[in-house]
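Notes follow the structure.
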Amino acid sequence: MSYGDFLYRKAEDIARNEILSFLTVILGTVILMGGLLVTIIAAEQPKWFLLPYQLPSYPSAFLGLILTLTGFLLVSVGFIMVIYYDRRKSWCMNQMEESRPDKKGVVTELKLERIRRILEEHARSGK
C-alpha cells in the first residue's frame, strides 16, 4: 500500500467519524429539546437562569433536568469532535496534495531538459 492510498483511507475514516460527530450533535439537540419540554410541562413555574435551578420534587422534573444536561453535554462534545475531525481531515488532504507529484512541475522539468539538450546539440554543432 502506498502512502497516498494510506492517506486516502485515513481521510475516509476521519470523514466517517466526522459524520458520527454531526449525528452526536443532532442527538444532543433532540435530547435537549425533549428535556426542556419535560421541564416546562412538569414544573408549573420554574425559575430559570439558562437552566431551571429550582425544580419541584416530581420525578418528571428531575428527568427533564437530566435530559437537558445530557443534551447540552452531547451538543458540546459533538461540536468539539466535529472541529477535531475536520482539522485532522484537512491535514490528511494537505499531506495527500504534498505527496502527489506535481504534474506541472514534471512537465516544466521535461521542457527545460529538452531545451537544455537542444542548446547543447546546437553548441556542439556550432564549434
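Hydrophobic clustering places Tyr8 together with Met93 (ILVMFWY residues linked when any side-chain heavy atoms are closer than 4.5 Å, directly or through intermediates). Following chains of ILVMFWY side-chain contacts shorter than 4.5 Å, one can reach Leu63 starting from Leu27, so the two form part of one hydrophobic cluster. There is no path of hydrophobic side-chain contacts, each under 4.5 Å, that joins Leu73 to Ile31.
Rounding to the nearest 0.5 Å gives a distance of 8.5 Å between CZ of Phe22 and CZ of Phe79. Annotation: the span from Leu36 atom CG to Thr68 atom OG1 amounts to 4.5 Å, rounded to 0.5 Å. In this structure, Tyr85 OH and Ile14 CD1 are separated by 8.5 Å, a value rounded to the nearest 0.5 Å. One finds the CE atom of Met81 at 10.0 Å from the CG atom of Leu23 (value rounded to the nearest 0.5 Å). Residue Ile66 holds its CD1 atom at 10.0 Å from OG1 of Thr39, rounded to the nearest 0.5 Å. How far CE of Met96 is from CH2 of Trp91: 11.5 Å, rounded to the nearest 0.5 Å.
Shown here are the side chain to side chain contact (heavy atoms under 4.5 Å, CB included) partners of Leu37, two or more places apart in sequence or in another chain: there are none. By the side chain to side chain contact (heavy atoms under 4.5 Å, CB included) test, Asn94 is found to be paired with no residue, residues two or more places apart in sequence or in another chain being considered. Contacts of Arg116 classified as salt bridge (charged side-chain N to carboxylate O under 4.0 Å, His left out), with partners at least two apart in sequence or in another chain: Glu113. Partners of Ser90 under the side chain to side chain contact (heavy atoms under 4.5 Å, CB included) rule, at least two apart in sequence or in another chain, do not exist in this structure.
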Would you sort out whether Val25 and Leu74 count as a side chain to side chain contact (heavy atoms under 4.5 Å, CB included), showing the intermediate values? CA-CA 6 Å; Val25 171; Leu74 283 174; over 6 Å; no

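Other residues sharing the hydrophobic cluster of Ile115, ordered by chain and number and joined by side-chain separations under 4.5 Å: Leu119.
Using a 4.0 Å cut-off between charged nitrogen and carboxylate oxygen, Lys10 and Asp13 do not count as a salt-bridge pair.
Counting only residues at least two apart or in different chains, side-chain hydrogen bond (donor to acceptor under 3.5 Å, both in side chains) contacts with residues 18-32 comprise Glu18-Lys89.
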